[in-house]
S.K.: 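Take this structure, written in structure tokens, and hold onto it; I'll ask about it next.
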Amino acid sequence: MKRTLSARPPFSFRAVADSHGWRQLAPFSGDADGLSYIARLSTGRVTVLHLAAAPDGAQIESADALAEGEQAEIATMAGWMLGLDQDLSAFYAAAQHEPKLAQVAERAQGRLLRSPTLFEDVVKTILTTNTTWSGTIRMVQALVDLFGAQLDDVSSGPLEGPSSSPLDELASGPLPAEPVRRAFPLPKSIAQTDVETLRRDARLGYRAPYVLELARRIDSGTLDLEALKTAELPTDELRKRLRAIKGVGPYAVANLLMLLGHYDAIPIDSWALTLVSKEWHGGAAIGPAEVEAAFAHWGQFKGLAYWFWEWSNAG
DNA sequence: GGTAGACCTGGACGC
DNA sequence: GCGTCCAGGTCTACC
């Protein structure tokens, strides 16, 4: 099954795929001419999607013969992941007078690659905090390996987890050298485990209770995280709701706001401090206030201005 | 409201 | 190979 989706111009598939590191995190993987993603559909089917560039948009392809409803679901899913409907014309208009951002419109930069669910993006963001990028890759892969539904498992229902638990395999011996590709876990799959398993087997460390609590709140229905994707809330209200999630601090909130299309926040991590210090402070020690000040005049677009800035000394 | 210490892991480094 | 130190955000207790 192959389908072409149109995007609001200007659009560059490559610009979205390369917008940040998400493409390196399971169940994403790169292929020769695009991205692959193991998706779990609401019908319970787990299929591999191939996303690639197409004239005026993106092409989405699945190896499976999908029902009409499933095709519609993956089209909606891909549209969200690639931000096909996003209108960045106001940002481009503002950026055209800034030499350090002069290339963004031409390169169609501004869209950020997203996961299909906000749950997945929040978990991944928590797993980027206070660790190295290699640690993030490892923790996300472990969650997928341990709790994700198998690619070839089409028998489970919409609310069920994987039909066989890799924890059983761990108990009886090492995982196979070529692990089965799996989708990102449902909240329910993680909610059924415990902190000790997340610490010991997924090696999430002190983040384990944060991820477990988030999964359990969603699974129990006390938190409707996905509603925030389409809620037309002011940034401050969104920030307040995201900040209420354990493990989500100022950096994580700003990162998630960016993914939700709210760009009046800068995800200030140690790298941001380094970049801004080298750019404007001669490498001297600075704090978050200096980063905010550097981009304050970009107002509602300061997150995008920071993200796509042509740094003089980024190496 | 601001600050210090704890949290956990992996990588770098010295021995 | 082993032990030690440090970097990476957030939470909590305390002032």
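Only a predicted model underlies this, so the values are computations on that prediction, with no experimental measurement involved.
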S.K.: Nucleotides 11-13 of chain C: which of its N/O atoms have a protein N/O under 3.5 Å away?
M.R.:
{"from": "dC11(C)", "atom 1": "OP1", "to": "Gly247(A)", "atom 2": "N", "distance (Å)": "2.7"}
{"from": "dC11(C)", "atom 1": "OP1", "to": "Val248(A)", "atom 2": "N", "distance (Å)": "3.4"}
{"from": "dC11(C)", "atom 1": "OP2", "to": "Arg243(A)", "atom 2": "NH1", "distance (Å)": "2.9"}

S.K.: I'd like to know if Val248(A) and Leu25(A) are part of one continuous hydrophobic network [Ile/Leu/Val/Met/Phe/Trp/Tyr, side-chain heavy atoms within less than 4.5 Å].
M.R.: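 As far as the 4.5 Å side-chain criterion goes, Val248(A) and Leu25(A) are connected within one cluster.
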
S.K.: Which ones in residues 254-269 of chain A lie close to DNA chain B, meaning a heavy atom under 4.0 Å from one of its atoms?
M.R.: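 Going residue by residue through residues 254-269 of chain A, none turns out to have a heavy atom under 4.0 Å of DNA chain B.
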
S.K.: Kindly write out the residues that satisfy side-chain contact (heavy atoms from CB on, under 4.5 Å) with Asp219(A), not counting sequence neighbours, or none if the list is empty.
M.R.: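 side-chain contact (heavy atoms from CB on, under 4.5 Å) list for Asp219(A), sorted by chain: Lys188(A), Ala191(A).
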
S.K.: Rounding to a whole Å, what distance do you find between Tyr251(A):OH and dT10(C):C1'?
M.R.: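 One finds 13 Å between C1' of dT10(C) and OH of Tyr251(A), rounded.
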
S.K.: Which atom pairs, one a donor and one an acceptor, fall under 3.5 Å between side chains of residues 2-11 of chain A and the rest of the protein, sequence neighbours left out?
M.R.:
{"from": "Arg8(A)", "atom 1": "NE", "to": "Asp85(A)", "atom 2": "O", "distance (Å)": "2.9"}

S.K.: Name each donor-acceptor pair under 3.5 Å that joins a side chain in residues 291-303 of chain A to protein atoms two or more places apart or in another chain, with its distance.
M.R.:
{"from": "Glu292(A)", "atom 1": "OE1", "to": "Lys302(A)", "atom 2": "NZ", "distance (Å)": "3.0"}

S.K.: Sequence neighbours left out, what pairs pass ring-ring contact (aromatic ring centres under 6.0 Å, His included) with at least one residue falling in residues 31-57 of chain A?
M.R.: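 Sorted result for residues 31-57 of chain A: Phe28(A)-Tyr37(A).
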
S.K.: Take atom CD1 of Ile137(A) and atom C1' of dG10(B), then tell me their distance rounded to the nearest Å.
M.R.: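 Taking CD1 of Ile137(A) and C1' of dG10(B), I get 13 Å after rounding.
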
S.K.: Can you list every side chain to side chain donor-acceptor pair (under 3.5 Å) pair that touches residues 71-80 of chain A, not counting sequence neighbours?
M.R.: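 Listed by first then second residue: Ser42(A)-Glu73(A).
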
S.K.: Identify, with sequence neighbours excluded, every residue that meets salt bridge (charged side-chain N to carboxylate O under 4.0 Å, His left out) alongside Asp18(A).
M.R.: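 Asp18(A) satisfies salt bridge (charged side-chain N to carboxylate O under 4.0 Å, His left out) with Arg14(A), Arg23(A) only.
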
S.K.: Run the salt bridge (charged side-chain N to carboxylate O under 4.0 Å, His left out) test against Arg138(A) and tell me which residues pass, sequence neighbours left out.
M.R.: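 Partners of Arg138(A) by the salt bridge (charged side-chain N to carboxylate O under 4.0 Å, His left out) criterion come out as none, since no residue qualifies.
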
S.K.: Can you pull out how bent the helix from dG1(B)-dC15(C) to dC15(B)-dG1(C) is, comparing the axes over its first five and last five pairs, to 10°?
M.R.: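 For the helix from dG1(B)-dC15(C) to dC15(B)-dG1(C), the axes at opposite ends meet at about 30°.
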
S.K.: Which residues satisfy the side-chain contact (heavy atoms from CB on, under 4.5 Å) test with Asp33(A), sequence neighbours excluded?
M.R.: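 Result, side-chain contact (heavy atoms from CB on, under 4.5 Å) vs Asp33(A): Asp31(A).
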
S.K.: Shorter than 3.5 Å, N or O on both sides, protein versus nucleotides 5-9 of chain B: list them out with atom names.
M.R.:
{"from": "dC8(B)", "atom 1": "OP1", "to": "Arg199(A)", "atom 2": "NH1", "distance (Å)": "2.3"}
{"from": "dC8(B)", "atom 1": "OP1", "to": "Arg199(A)", "atom 2": "NH2", "distance (Å)": "3.4"}
{"from": "dT9(B)", "atom 1": "O3'", "to": "Arg138(A)", "atom 2": "NH2", "distance (Å)": "3.3"}

